[in-house]
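For reference, the structure discussed in these notes is given below.
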Amino acid sequence: MSLRFYDTRARTVREFTPLHEGRVSLYLCGATVQAPPHIGHIRSGVNFDILRRWLTHKGYRVTLCRNVTDIDDKIINVARSEGVAWWEVSERNQRAFTWAYDTLGCLPPTVEPRATGHVPEMVELMARLIDRGHAYAAADGSGDVYFDVRSFPDYGALSNQRVDQMRGAADSADERAKRDPRDFALWKGARPGEPSWPTPWGAGRPGWHLECSAMATKYLGPAFDIHGGGLDLVFPHHENEVAQSNAAGDGFARYWLHNGLLTMGGEKMSKSLGNSLLIPEIVRKVRPVELRYYLGQAHYRSVIDYSDEALLEAAAAYQRIEGFLVRAGEVVGEVAPAAEVPAEFAAALDDDLGVSPALAVVHGHVREGNSALTEGRKERVADLAGQLRAMLGVLGLDPLSGQWGGTEDTAGLRDVVDALVSVALEQRQAARARKDYAAADLIRDRLGAAGIVVEDTPHGPRWELRRG
RNA sequence: GGCGGAGUGGCCGAGUGGCUUAGGCAAGGGACUGCAAAUCCCUGUACACGGGUUCGAUUCCCGUCUCCGCCUCCA
């Protein structure tokens, strides 16, 4: 079966064919860096990281452009309230986003452009729109530049709305000089004390939507394959992007993919609602890879209503997978990921990124692998472990990938601990041999208290550090 | 007012006009074990409600209820 995705604009699943053979250009709306990321942002990051990894696995050369909105009203407000420069706020939060993406195993984008670094491209785009009669500078001299919604018949096509039914866009607080209340700001003229960049129409700053059009075009070309982002960006952000770019004569995105939102207690998690759950807080409860499993296991378009219980369940499920690979490694040594993933797994991901049925294949392999391990069928164990690593690699969840493993230092430390624990385990085995179970259990309990879990197997005892 | 999504067994979460009706977590039973852990096997008979279409609907259609998102900054 072919690769296909649900396209927001078509409102149906469409077969995916890239613009250029063997290559995929992907634009993601990244963060407005007014605050550190919450798990909703990272859910989006994980969803699209899986998409990116799957495309890469299928042999496409993926160019991923993920922007950073480093200037906007809220950043200015945060800076003001803290008495620092706007760029201190955006730098600090951009680092927090990068840390969170890295921590969750999201591969870095090919390019990560910032809005304020692309003012000339935005000016060029505005000039084109004005020339073509789709935009105008405010007549009041405020420096605002607006997109003329009425001049573009397709406005509303992406979000399936008719202009007449829309409420006015209050994207400039005082509605300075719009011809139509639904017109949106391409550029916001500077008020006293605000950071600004010069343009032919006056000094000001980007009006959010414009930057994505300008940067997507710069890095991916006038037409590109996939544009992704959260469902809450469909309108107005993406509607406005596509309107600007199409009106300027650019083909823009060919497929629109939107991830479902993350809620907590049934309410959308949002910086402005103040119910943000931050990453450092969660990775105290579970390991980052377990959080990734939790965020990635549901279909990317479904809502995830966050709960600690569900998070811990996901961690348990992940540990089952990890447990097999660790035990397999002890028996057959390190197995490299297989070159190919099972057909059923591939079919699941090809079908609009069906991670859930793909994980069913993963768990099936784990179950069979555990049986093979019990039965001592080493070749089968190695075979299944290799396939599992390949599948988990696509999902960014391979516990042996190094991405999730310890550092060189802790690997060395592990050998030291192993030697020490072995001494204790030899004592315990001796006690068991003379049926002194009280002594044997005491040793196990003391190791347990130190965070070392002992398991007896047909091949002798094994130990590992308690997870979590 | 407009646009869109959702309600699945104790929990999470896929999916489908009928077939062995995913998978995980938890629970119960069994195997293994000195015990435990891990693992394997078995078990649960679910699709908000009311109609309709159909030989047959959780799956299609209509209506109702509830919840959520967007239409304003938001992944």
Side-chain angles (χ1 to χ4, degrees), chain A residues 8 11 28-32 34-35 37-48 66 69 72-74 77 97 156 159-171 173 182 208 228-237 239 258-263 266-273 276 293-294 297-299 301-305 307 309-321 323-324 327 344 348 354-364 366-375 432 435-438 440-441 444-445 448 453-458 461-462 464:
Chain A
T8 302
R11 288 182 288 286
L28 288 183
C29 276
T32 300
Q34 46 154 315
H38 57 60
I39 51 174
H41 298 110
I42 297 307
R43 187 249 173 122
S44 182
V46 168
N47 287 154
F48 286 107
R66 186 182 64 207
T69 299
D72 89 320
D73 292 2
K74 288 186 178 161
N77 289 339
F97 267 87
S159 57
N160 192 32
Q161 302 184 93
R162 274 164 298 175
V163 174
D164 299 333
Q165 310 269 30
M166 290 179 194
R167 299 173 182 176
D171 65 352
R182 296 165 197 85
W208 187 33
L231 199 57
D232 53 350
L233 297 183
V234 175
F235 192 91
H237 187 49
E239 188 73 69
H258 291 98
N259 64 274
L261 302 182
L262 187 140
T263 62
E267 192 177 45
K268 176 182 172 181
M269 186 168 292
S270 152
K271 282 178 270 198
S272 34
L273 290 175
S276 292
Y293 183 94
Y294 172 61
Q297 66 172 345
H299 188 92
R301 284 190 287 110
S302 65
V303 175
I304 293 179
D305 190 42
S307 74
E309 293 72 26
L311 176 68
L312 294 174
E313 283 180 11
Y318 181 75
Q319 286 170 22
R320 182 178 135 75
I321 298 168
F324 166 69
R327 290 190 298 276
E344 200 184 338
V355 172
S356 301
L359 279 172
V361 179
V362 167
H363 280 104
V366 169
R367 193 182 324 106
E368 197 195 334
N370 278 322
S371 293
L373 215 41
T374 303
E375 293 156 15
R432 292 181 73 204
K435 299 207 190 301
D436 182 359
Y437 295 121
D441 290 350
R444 185 170 63 193
D445 290 347
V453 180
V454 175
E455 294 174 4
D456 293 316
T457 79
R462 62 180 293 273
E464 59 184 56

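The sequence lines fix the lettering, A, B, ..., with proteins before strands; numbering per chain opens at 1.
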Inset, instruction - Could you check how far CG of A:Leu233 sits from P of B:rG5, rounded to whole Å? - result: 18 Å

Legend entry - Pairwise side-chain contact, A:Leu231 with A:Arg301, heavy-atom cut-off 4.5 Å (strictly under): no

Inset, instruction - Would you indicate what A:Phe235 reaches in the nucleic acid, counting non-hydrogen atoms under 4.0 angstrom: base, sugar-phosphate, or nothing? - result: sugar-phosphate

Inset, instruction - Grab the OH-P distance between A:Tyr318 and B:rC12 for me, whole Å please. - result: 24 Å

Legend entry - Atom-to-atom span, CD of A:Glu309 to P of B:rA26 - whole angstrom: 14 Å

Inset, instruction - From the options B:rA75, B:rG34, B:rA14, select the nucleotide whose nearest atom is closest to the side chain of A:Leu261. - result: B:rA75

Legend entry - Base B:rC35 paired with A:Asp456 side chain (donor-acceptor, <3.5 Å): yes

Legend entry - Nucleotide nearest A:Ala360 (side chain, heavy atoms from C-beta), chosen from B:rA22, B:rG24, B:rC40: B:rA22

Legend entry - Sugar-phosphate, base or nothing in reach of A:Val454, heavy atoms under 4.0 Å: base

Inset, instruction - Give one of base, sugar-phosphate or nothing for A:Leu373, where a contact means two heavy atoms less than 4.0 Å apart. - result: nothing

Inset, instruction - Rounded off to whole Å, could you give me the CZ-to-P distance for the A:Phe324 and B:rA37 pair? - result: 22 Å

Inset, instruction - Report the nucleotide, chosen from B:rG13, B:rG24, B:rC71, that has the shortest atom-to-atom distance to any side-chain atom of A:Ala298. - result: B:rG13

Inset, instruction - Using atom NZ of A:Lys268 as one end and atom C1' of B:rA75 as the other, report the distance to the nearest whole Å. - result: 8 Å

Legend entry - Euclidean distance for C1', B:rC12 against B:rA27 (whole angstrom): 15 Å

Inset, instruction - Consider the side chain of A:Arg327, meaning its heavy atoms from C-beta on, and name the nucleotide among B:rU39, B:rG69, B:rC25 that approaches it most closely. - result: B:rU39

Between the protein and nucleotides 43-46 of chain B, list the N/O to N/O atom pairs that are separated by less than 3.5 angstrom.
none

Legend entry - d(OH, A:Tyr293; C1', B:rG13) in whole Å: 10 Å

Legend entry - Nearest to side-chain heavy atoms of A:Pro236, which nucleotide of B:rU72, B:rG69, B:rU39: B:rU72

Legend entry - Quiz item: A:Arg444 side-chain donor-acceptor pair to B:rA36 base, under 3.5 Å: yes

Legend entry - Carboxylate-amine/guanidinium contact A:Arg432 A:Asp456, below 4.0 Å: yes

Inset, instruction - Kindly indicate whether the side chain of A:Asp164 and the base of B:rG2 share any N or O donor-acceptor pair separated by less than 3.5 Å? - result: no

Legend entry - Presence of donor-acceptor pair under 3.5 Å, side chain of A:Gln297 and base of B:rG13: no

Inset, instruction - Measure the distance from CZ on A:Arg367 to C1' on B:rA38 and round it to the nearest whole Å. - result: 16 Å

Inset, instruction - Indicate, with a heavy-atom threshold strictly under 4.0 Å, whether A:His258 touches base, sugar-phosphate, or nothing. - result: nothing

Inset, instruction - Would you mind classifying the nucleic acid contact of A:Arg301 as base, sugar-phosphate or nothing, using non-hydrogen atoms under 4.0 angstrom? - result: nothing

Inset, instruction - Round to the nearest Å and state the distance from A:Arg182 atom CZ to B:rC70 atom P. - result: 20 Å

